[in-house]
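Below you'll find the structure, written out as structure tokens, and then a few comments.
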Amino acid sequence: MKLKFLLPLMLLIAACGGDSASDNNSGDKQIFIYNQPNAVTSLDPTFARSQTNIWAVDHLYNGLVQLDENLNVKPSIAKSWNISDDGLTYTFNLRDDVYFHDNECFNDKKGRKVTAADVVYSFARILDKNVGSPGAWIFKDRVADNTPFTAVDEATFQVKLKRPFRPMLGIFSMQYCSIVPKEAVEKYGKEFRSKAVGTGPFKLTKWLENQVLLVSKNDNYFEKGLPKTDAIRVNFMSDRNTAYLELMNGKLDFISGLESSYADELLTETGELKPEHKGKLTYQKSPFLNSEYLGINMDFSGKRKDSPLRHKQVRQALNYGFDRAKMLQTLRNGVAKPATSGFVPAGLPSFNPSKVKGYDYDPTKAARLLAEAGYPSGKGLPEIELRTNSDYLDICQFIARQWEDLGIKTKIELMQSATLRELMSKGEADFFRASWIADYPDAENFLTLFYSKNPAPPNYTRFKNVEFDRLYEAALNENDDAKRYDLYQQMDNIVVEEAPAIFLFYDETARFFRANVSGITNNAINLLSVKNIHKSSE
């Protein structure tokens with residue numbers, strides 16, 4: 001019995017002390033420590049909206065399916081599945097060896113086996129208006145109105161759709177779709193957000209909000225041989241530079257993201273790990289399904305009826321008028337790829353730069369387009385106001401300086417992210433910095449931003465194009481991948497031509513971790529899967 005409580009006690013002591021990451025490996029116990037700059041707001045999967053929440057939920061829960069590092073859908077709680085010929089019915093066959101974590105919510109305090117009824121309950125919660133999940137959109141207008149989720153028997157779960165939707169399997173891999181037990185939700189009520197009871201590789205030990213999250217190995221985990229470490233500790237330091245110093249001092253094992261304050265300390269100008277860090281740190285970089293852009297409100301009615309942005313030539317000139325490659329090398333040490341092939345980012349199978357021609361840096365062409373719009377060398381062009389948050393101020397300033405060479409004057413208005421999102425949603429931001437991170441690995445998730453029947457979010461630009469809408473709806477009903485990808489590329493070319501956005505860059509992940517850590521896999525959705533992580537003594 002003493003051994004049962006040893007690890008939680010050790011973790012709590014470590015959380016309150018200043019020991020280094022290597023010192024936290026007491027005896028044979030391995031504790032992997034990483035930092036999140038933003039706080040976890042809920043451990044309830046139905047609120048797994050932010051990256052911070054998603055990572056934490058993934059430690060503790062499983063869904064029917066999961067993605068591998070190449071974004072292929074693989075079994076998880078479901079061992080197999082089939083899709084009906086008409087694409088409307090998905091049938092999942094569940095494993096018989098998946099159990100919830102031991103918890104007081106169960107009659108004997110022992111975790112019971114997961115059944116199809118648990119999947120029905122978990123999915124129904126996402127749509128329950130009383131729950132108020134921000135993930136309700138994943139099923140809204142997609143699943144059947146009447147009895148969309150069915151437990152055919154204890155080991156068979158079925159979903160019925162209104163119409164075919166090819167990316168549906170990818171949606172089932174989202175953390176919103178993690179399976180939870182009804183007993184825990186009913187016992188803890190609103191406190192379920194901090195009383196995680198899942199099936200995942202780790203189980204909750206302690207969560208001190210805004211301070212530390214501690215999870216310990218689930219010895220009954222169904223994926224044999226996993227997890228490979230004894231515990232995970234998540235610190236919440238909002239200052240990324242402080243986290244960087246903790247990594248360098250051996251008090252953290254891992255950080256994600258690149259901050260300008262330490263980018264030059266870690267990377268060369270070409271984006272390689274500096275020689276002095278080799279052997280001490282590992283650097284991972286890979287495509288990240290995130291498109292960064294400047295959005296234009298395309299509703300040119302009312303006060304915007306005289307906006308210079310109503311001219312397509314002006315919007316195209318803005319796209320030709322700055323050097324993306326130089327911007328990324330100067331400000332991001334080459335971490336990201338210039339968005340020169342439309343809105344859909346690199347890392348998706350439908351991405352094809354030979355079929356979607358975007359914008360390169362061409363100031364001569366930009367000047368010609370300005371003249372065609374009636375603003376030769378920018379004469380008569382009113383000042384353009386661009387709204388952004390502090391994180392992207394340097395990028396916006398870089399672009400504005402290059403636009404100024406063309407005679408385009410830009411006023412940058414700095415505001416809080418939440419305020420900017422609210423203005424974008426209400427249609428009160430004419431020109432704004434934004435980004436879109438994939439919810440599931442399919443180009444449809446990016447192109448949906450320009451479908452006219454969608455509100456804001458996601459259609460912050462209020463873009464309307466009849467041909468685009470026709471192609472979008474055709475793609476939703478196309479089950480042949482090659483044909484669907486062709487439709488996606490046609491849509492992306494329309495977005496390039498009409499330019500409701502200034503395409504900035506396709507993001508990349510930047511991960512740094514101690515050299516004694518292995519098993520961290522790269523993936524284009526930037527999910528930190530911890531079950532394969534192993535940490536040895538330095």
Side-chain angles (χ1 to χ4, degrees), residues 14-15 17-26 29-38 51-52 55-56 58-59 69 212-213 215 227-288 290 328-337 347 391 505 507-538:
D19 300 271
S20 71
S22 57
D23 289 342
N24 275 329
N25 290 333
S26 177
K29 300 295 183 182
Q30 295 180 2
I31 307 172
F32 175 73
I33 308 172
Y34 72 91
N35 183 66
Q36 281 283 27
N38 300 306
Q51 184 204 69
T52 309
W55 283 15
D58 190 67
H59 303 345
E69 58 189 277
V212 68
L213 173 67
V215 298
K228 295 182 178 180
T229 195
D230 296 300
I232 308 293
R233 170 179 161 183
V234 189
N235 293 341
F236 299 100
M237 290 179 281
S238 59
D239 188 328
R240 292 178 184 268
N241 192 54
T242 301
Y244 157 70
L245 294 174
E246 293 278 87
L247 176 73
M248 300 308 292
N249 290 331
K251 293 184 178 182
L252 284 178
D253 294 313
F254 172 97
I255 59 172
S256 177
L258 192 65
E259 186 79 5
S260 58
S261 61
Y262 59 79
D264 291 338
E265 297 294 325
L266 288 171
L267 301 179
T268 65
E269 289 184 0
T270 56
E272 302 296 325
L273 187 68
K274 285 191 168 180
E276 59 262 35
H277 301 306
K278 292 181 179 179
K280 299 176 183 177
L281 294 179
T282 301
Y283 170 47
Q284 281 185 348
K285 182 174 75 168
S286 69
F288 175 30
N290 173 32
L328 294 173
Q329 183 176 346
T330 303
L331 301 178
R332 290 176 60 94
N333 293 75
V335 179
K337 298 296 183 186
D391 290 343
F505 58 87
D507 211 349
E508 291 181 320
T509 60
R511 294 174 163 189
F512 302 89
F513 48 94
R514 305 291 297 180
N516 65 323
V517 174
S518 60
I520 296 180
T521 55
N522 252 343
N523 56 78
I525 57 172
N526 196 24
L527 178 68
L528 178 62
S529 178
V530 294
K531 60 189 177 184
N532 284 294
I533 290 175
H534 175 76
K535 180 180 171 183
S536 59
S537 298
E538 286 189 292

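Scope of the values below: all heavy atoms of this structure, side chains included, with no hydrogens, waters or symmetry mates. What you see is a predicted model, and the numbers here were worked out from it, not measured in a lab.
- Put simply, the residue from K535, Q30, R514 that forms a side-chain hydrogen bond (donor to acceptor under 3.5 Å, both in side chains) with D253 is K535.
- Residues N522 and R511 come closest through the heavy atom pair OD1-CD, 4.2 Å.
- Rounding to the nearest 0.5 Å places CG of L528 at 11.0 Å from OG1 of T509.
- In this structure, the separation between CG on L527 and CG on D58 is 4.5 Å, given to the nearest 0.5 Å.
- For K531, the side-chain hydrogen bond (donor to acceptor under 3.5 Å, both in side chains) partners at least two apart in sequence or on another chain are Q66, E223.
- Remark: the backbone N or O of T268 is paired with a side-chain donor or acceptor of N333 at under 3.5 angstrom.
- The two residues R233 and V212 come nearest to each other via the heavy atoms CG-CG2, 3.7 Å.
- Closest heavy-atom contact between F505 and A336: CD1-CB, 3.6 Å.
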Checklist entry - Where do I33 and E246 land on the side chain to side chain contact (heavy atoms under 4.5 Å, CB included) test, with the steps shown first? => result CA-CA 11 Å; I33 308 172; E246 293 278 87; over 6 Å; no
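- With rounding to the nearest 0.5 angstrom, the CZ atom of F32 is 13.5 Å from the CG atom of D230.
- Atom CD in Q329 sits 8.0 Å away from atom OG1 in T270 (nearest 0.5 Å).
- Taking CG of D239 as the reference point, atom CG of N35 lies at 9.5 Å (rounded to 0.5 Å).
- Formation of a donor-acceptor pair under 3.5 Å by the W55 side chain with backbone atoms of V530 is not found in this model.
- With rounding to the nearest 0.5 Å, the separation of OG1 in T229 from CD1 in I31 is 8.0 Å.
- Under the side-chain hydrogen bond (donor to acceptor under 3.5 Å, both in side chains) criterion, D507 pairs with N290, R332, sequence neighbours left out.
- Pairs engaging residues 270-286 under the salt bridge (Lys or Arg N to Asp or Glu O under 4.0 Å) rule: K285-E508 [sequence neighbours left out].
- Shortest non-hydrogen contact noted between G279 and A515 is O-CB, 3.4 Å.
- The two residues L258 and A510 make their nearest non-hydrogen contact at CB-CB, 4.2 Å.
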Item to check | L281/L266 under side chain to side chain contact (heavy atoms under 4.5 Å, CB included): CA gap, chis, key distance, verdict | outcome: CA-CA 10 Å; L281 294 179; L266 288 171; 3.7 Å; yes
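- Nearest heavy atoms, N523 versus S286: O-OG, 3.9 Å.
- With sequence neighbours excluded, the residues satisfying salt bridge (Lys or Arg N to Asp or Glu O under 4.0 Å) with R240 are E259.
- For the ring pair (Phe, Tyr, Trp, His ring centres under 6.0 Å) condition, the pairs that include at least one residue of residues 235-278, sequence neighbours left out, are Y244-Y262.
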Next on the checklist: Let's go through Y34 and V234 carefully: what are the C-alpha distance in whole Å and the side-chain angles of both, what is the deciding distance for side chain to side chain contact (heavy atoms under 4.5 Å, CB included) to 0.1 Å, and is it a yes or a no?
Outcome noted: CA-CA 5 Å; Y34 72 91; V234 189; 3.4 Å; yes
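- Listed by first and then second residue, the ring pair (Phe, Tyr, Trp, His ring centres under 6.0 Å) pairs that reach into residues 511-538 are Y283-F512, sequence neighbours excluded.
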